[in-house]
There are 2 protein chains.
Amino acid sequence: MPQLHHNRLMPLEDFLPTVAFVAKSLSDENRLRILLCVHEAKKSVSGIVEELNLSQPLVSHHLKELRRSLLVKVERRGPFVYYEIADARIVPILAALKDLATDLLAARTTF
Amino acid sequence: MPQLHHNRLMPLEDFLPTVAFVAKSLSDENRLRILLCVHEAKKSVSGIVEELNLSQPLVSHHLKELRRSLLVKVERRGPFVYYEIADARIVPILAALKDLATDLLAARTTF
DNA sequence: CTCATATATCAATAATCATTTATATACTTA
DNA sequence: TAAGTATATAAATGATTATTGATATATGAG
């Protein structure tokens, strides 16, 4: 088990491609809805489709993208494929982005 | 000064378009480089151009996008236009994204 | 094996976007 | 006003992407 928690010692600047890649995965509203959906509980594709009222190919497409960025985990059980959030820390990060954005908007519209 | 800090009470789900919009602004490596560049100090466009070795129109283009998402503030002084980070809280958020992404990658490559 | 269902992939389309080159605008100085 | 510099915008291009409709693959039931 070599270097545990080496992450916090590495400068942010060296990981900008990685950060940009993850941010791109978070840059679509439907993907964020799917991400929060599978954060509540492990969900099948059809479950997500019904819950979010999106087409099945669209959900599969976005799930593929979320898999590419490792934000979700997959598990096949019978004919169903279940997705769940890979790391719950993404949610407070999204909340922090929301807080920041709303503060910036509030400051912008305050005269 | 109506409802201060109303943000934390609002559910994340209601702000997914906003979050997606900000995330899109963070989804380009050059924009992230510019953002960190103007985080160090207030910088002119030409200063950013030299420091990052990007073309001037490209830097102007990305600065426009960062302005659209309110992540940077602008100030004209003489012929120079200075940009600075609008809210320093974006940096720890980026660091958290980096930590999360590297952890996910490490877990992925651990067998 | 056949059928029904769950999910993934393919093809096509329209839209968005990053980048470059060229040009326009804004400001300062002489 | 004319010239020079700083920045922004425009036009063009190639690349990526979100979405849809059709089809393929995979799994389980009978």
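All values derive from a computational prediction rather than experimental measurement. Residue numbering restarts at 1 for every chain, and letters A, B, ... go by the order of the sequence lines.
Against DNA chain C, the stretch residues 19-30 of chain A makes no heavy-atom approach under 4.0 Å. Residues from residues 37-55 of chain A that place a heavy atom under 4.0 Å from any atom of DNA chain D, listed by number: A:S55. The stretch residues 57-66 of chain B comes close to DNA chain C through B:P57, B:L58, B:H61, B:H62, each having a heavy atom under 4.0 Å from the strand.
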Within the sub-3.5 Å range, which N or O atoms of nucleotides 23-28 of chain C have a protein N or O partner, and how far apart are they?
none

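Listed by first and then second residue, the salt bridge (charged side-chain N to carboxylate O under 4.0 Å, His left out) pairs that reach into residues 53-66 of chain B are B:E65-B:R68, sequence neighbours excluded. Pairs passing the side-chain hydrogen bond (donor to acceptor under 3.5 Å, both in side chains) check and including a residue from residues 20-30 of chain A, sequence neighbours excluded, read A:S25-A:S69. For residues 47-56 of chain B, the set of pairs meeting the side-chain hydrogen bond (donor to acceptor under 3.5 Å, both in side chains) definition, not counting sequence neighbours, comprises B:K43-B:E51, B:Q56-B:S60. Among pairs with a residue in residues 73-82 of chain A, those fulfilling salt bridge (charged side-chain N to carboxylate O under 4.0 Å, His left out) read A:K42-A:E75, A:E75-A:R77, at least two apart in sequence or across chains.
B:P92 and B:A88 get closest at one heavy-atom pair: CD-O, 3.3 Å. Taking each heavy atom of A:I85 and A:L35 in turn, the nearest pair found is CD1-O, 3.8 Å. Taking both residues in full, the closest heavy atoms of A:V72 and A:L63 are given as CG2-O, 4.3 Å, listed atom of the first, atom of the second, then distance. The minimum heavy-atom distance between A:L100 and B:R89, with the atom names listed, is CD1-NH2, 3.8 Å.
A donor-acceptor distance shorter than 3.5 angstrom exists from the side chain of B:R33 to the backbone of B:L52, with no hydrogens or angles considered.
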Hey, can you pull the donor-acceptor pairs under 3.5 Å for the side chains in residues 9-23 of chain B, sequence neighbours left out?
none

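In 5' to 3' order, the nucleotides of DNA chain D bounding all contacts with chain B (an atom under 4.0 Å from a heavy atom) are D:dA6 to D:dT9.
Nucleic acid contact for B:Y83: sugar-phosphate only, since backbone atoms but no base atoms lie under 4.0 Å from a heavy atom of the residue.
Residues A:F80 make up the rest of the hydrophobic cluster containing A:Y82, defined by ILVMFWY side-chain heavy atoms closer than 4.5 Å, directly or through other members.
To the nearest 0.5 angstrom, A:S44 atom OG is 10.5 Å from A:Y83 atom OH. In this structure, the separation between CG on A:L71 and CD1 on A:I34 is 12.0 Å, given to the nearest 0.5 Å.
Residues satisfying the side chain to side chain contact (heavy atoms under 4.5 Å, CB included) criterion with B:L70, sequence neighbours excluded, are A:L104, A:L105, A:R108.
The shortest distance between side-chain heavy atoms of B:L26 and A:L26 does not fall below 4.5 Å.
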